[in-house]
Amino acid sequence: MKRIFQLTMILCAMMITSSCTQSGKNKAMVTKETYGTHKGKEVFLFTLTNKEGNVLKLTNFGARITWIEVPDRSGKKENVTFGFDTFEGMLRGDPYFGAVVGRYANRIAKGKFTLDGVEYTLPLNNGPNSLHGGPGGWHSSVWDAEIVERTEFPTVKFTWHSPDMEEGYPGNMHVETVYTWSDKNEIVIDYKCTTDKKTVLNITNHAYFNLHGAGNGDILDHELVIKAARFVAVDSTLIPTGELREVAGTPFDFTTPAKVGARIGEDYDQIKHGKGYDHTFVLDNKEEVDCSLYEPVSGRLMEVISDQPGVQFYSGNFLNGSRIGYGGKPFIHRSGLCLETGHFPDSPNHPDFPTTILNPGETFTSKTVYRFSVK
Ligand code: GAL
């Protein structure tokens with residue numbers, strides 16, 4: 001009995017509960033528990049429950065989304081994003097699942113760029129190129145974390161101080177990622193970055209989605225809309241050629257709903273380079289919603305809203321079943337897809353692309369919303 005009491009006390013001490021608004025069906029809240037330790041810092045798991053009783057889980061390891069539990073048409077709830085049963089599993093698993101990726105999401109050709117005549121060299125971790133901020137990028141940082149009190153909805157703020165020359169990038173950068181879980185089942189992500197030296201920046205979230213529920217088959221039957229008339233054509237190492245190609249008449253036309261799998265096997269140069277879809281679409285930015293993803297069996301719909309110039313649609317082509325996720329289920333080929341909002345790959349080497357330069361005294365802010373509903 002005494003032992004049970006002690007254990008209960010320890011568990012209570014590990015868990016800090018912060019309540020938000022209390023009216024409505026459920027009590028919206030955030031709980032925090034210890035998840036592990038890494039690089040000498042404590043890693044936490046945050047559970048955000050909105051008034052609908054739907055759950056979003058986050059961790060400060062990589063400022064990650066690890067769990068999104070939303071209902072299907074009949075009200076059955078299921079987690080629709082990739083993650084692992086334990087923190088140890090996460091450390092062994094795919095480096096990017098659900099993570100905030102920086103300083104530079106996607107690739108920089110040959111790991112080199114020049115600013116004001118100074119050439120910077122980055123670690124090569126993807127063939128001849130540098131990918132996702134290098135092996136020690138923000139996905140692998142243990143961010144500082146705080147539950148934001150007195151907000152309308154459950155909110156957690158992650159902060160990272162990225163030191164000058166971290167993974168080869170100049171400038172001390174202060175980075176904030178704030179996640180809010182609204183009662184309309186919207187994950188609202190607010191990014192804010194400042195630097196003390198001229199540098200480059202492309203920040204995104206790398207969550208994988210499967211609206212059948214993570215681990216339940218592939219995403220080839222999902223219907224996708226991307227409001228983009230052009231996409232960024234790439235070479236065989238997935239570096240932009242400089243061409244912004246019209247989607248019309250190609251397998252890249254998602255301006256009206258199309259199944260992900262309908263044209264993914266076509267004999268088309270860009271499909272071959274990507275081994276499927278692995279391309280940035282140039283967002284039209286004319287309507288509120290930039291992308292929508294619909295899974296007809298469950299009726300789940302995910303809408304993506306972004307203020308950024310592009311979205312990287314990656315159809316999970318490199319997943320091969322070797323990683324094991326929640327409930328022992330393997331992440332098979334194309335069992336999840338990503339819609340990563342941000343700038344174009346390799347922009348520092350393409351002066352005609354929207355700029356990714358951040359100067360001292362400027363504040364970069366950006367918002368991405370992933371909104372879940374049924375239809
Ligand atoms: C995506 C990228 C893919 C692959 C993936 C991580 O953002 O476009 O090529 O690197 O991340 O496995």
Side-chain angles (χ1 to χ4, degrees), residues 62-65 81-84 90-111 122-140 167 189 201-210 214 218-219 224 226 228 231-241 252 254 260 264 270-283 291 293 304 306 308-325 330-347 353 356 368 370:
R64 281 163 202 251
I65 297 172
T81 199
F82 283 12
F84 302 92
M90 182 177 285
L91 281 178
R92 278 196 310 272
D94 183 280
Y96 307 115
F97 285 1
V100 169
V101 175
R103 299 242 183 136
Y104 204 95
N106 213 285
R107 292 167 179 80
I108 294 193
K110 301 186 171 53
L122 312 170
L124 304 183
N125 59 342
N126 190 254
N129 305 316
S130 188
L131 176 71
H132 290 336
W138 298 344
H139 61 279
S140 65
E167 296 294 276
I189 314 176
L201 168 72
N202 186 24
I203 189 168
T204 195
N205 180 284
H206 206 302
Y208 286 70
F209 302 99
N210 182 330
D218 64 40
I219 45 75
L224 180 63
I226 306 179
F231 71 101
V232 180
V234 292
D235 68 16
S236 62
T237 72
L238 297 175
I239 292 294
T241 59
F252 287 71
F254 287 97
V260 169
I264 203 167
Q270 292 298 311
I271 289 278
K272 283 190 200 148
H273 290 333
K275 298 181 173 57
Y277 298 102
D278 197 351
H279 295 75
T280 299
F281 286 68
V282 183
L283 290 174
C291 313
L293 184 70
V304 185
S306 169
Q308 291 294 284
V311 63
Q312 178 80 11
F313 166 36
Y314 168 56
S315 55
N317 313 307
F318 297 119
L319 299 170
N320 60 11
S322 62
R323 313 263 199 223
I324 308 296
F331 296 110
I332 60 169
H333 191 222
R334 297 181 177 152
S335 55
L337 63 80
C338 304
L339 290 165
E340 305 157 49
T341 58
H343 274 256
F344 307 170
D346 199 30
S347 298
F353 285 178
T356 51
T368 293
Y370 293 103

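Because the structure is a prediction, the values reported are computed rather than measured. For ligands, and for the atoms within them, numbers begin at 1 and follow the listed sequence.
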Any N or O on Tyr96 sitting closer than 3.5 Å to an N or O of ligand 1? no

Check whether any side-chain N or O of Asn210 sits under 3.5 Å from a backbone N or O of Ser335 as a donor-acceptor pair, and report yes or no. yes

Could you tell me which atoms of ligand 1, counted from 1 in the order shown, lie closer than 4.0 angstrom to a heavy atom of Glu340? 1 (C), 7 (O)

Without swapping roles, check the side chain of Ser315 against the backbone of Asn317 for a donor-acceptor pair under 3.5 Å. no

Ignoring angles and geometry beyond distance, decide whether His206 reaches within less than 3.5 Å of ligand 1 through its nitrogen or oxygen atoms. yes

For this output row, return yes or no: ring centroids of Phe313 and Phe254 closer than 6.0 angstrom. yes

In this structure, which one of Phe318, Tyr370, Phe331, Phe97 forms a ring-ring contact (aromatic ring centres under 6.0 Å, His included) with Tyr208? Phe97

Determine whether the side chains of Gln312 and Asp278 contain a donor N or O and an acceptor N or O closer than 3.5 Å. yes

Check Asn106 against ligand 1 and report side chain, backbone, both or neither, counting heavy atoms closer than 4.0 Å. side chain

Of the side chain and backbone of His279, name the one, both, or neither that has a heavy atom under 4.0 Å from an atom of ligand 1. neither

Location of contacts on Val101 toward ligand 1, heavy atoms closer than 4.0 Å: neither

Taking the side chain as everything from C-beta on, heavy atoms only, tell me whether Asn129 gets closer than 4.5 Å to Leu124. no

Identify, for atom 12 (O) of ligand 1, the protein heavy atom at the shortest distance, and state residue, atom and that distance. Tyr208 OH, 3.8 Å

min-distance protein heavy atom vs atom 3 (C) of ligand 1 -> Asp278 OD2, 3.1 Å

Atoms of ligand 1, numbered as shown, that sit under 4.0 Å from any heavy atom of Arg107: 2 (C), 3 (C), 8 (O), 9 (O), 10 (O)

Taking the side chain as everything from C-beta on, heavy atoms only, tell me whether Thr368 gets closer than 4.5 Å to Thr204. no

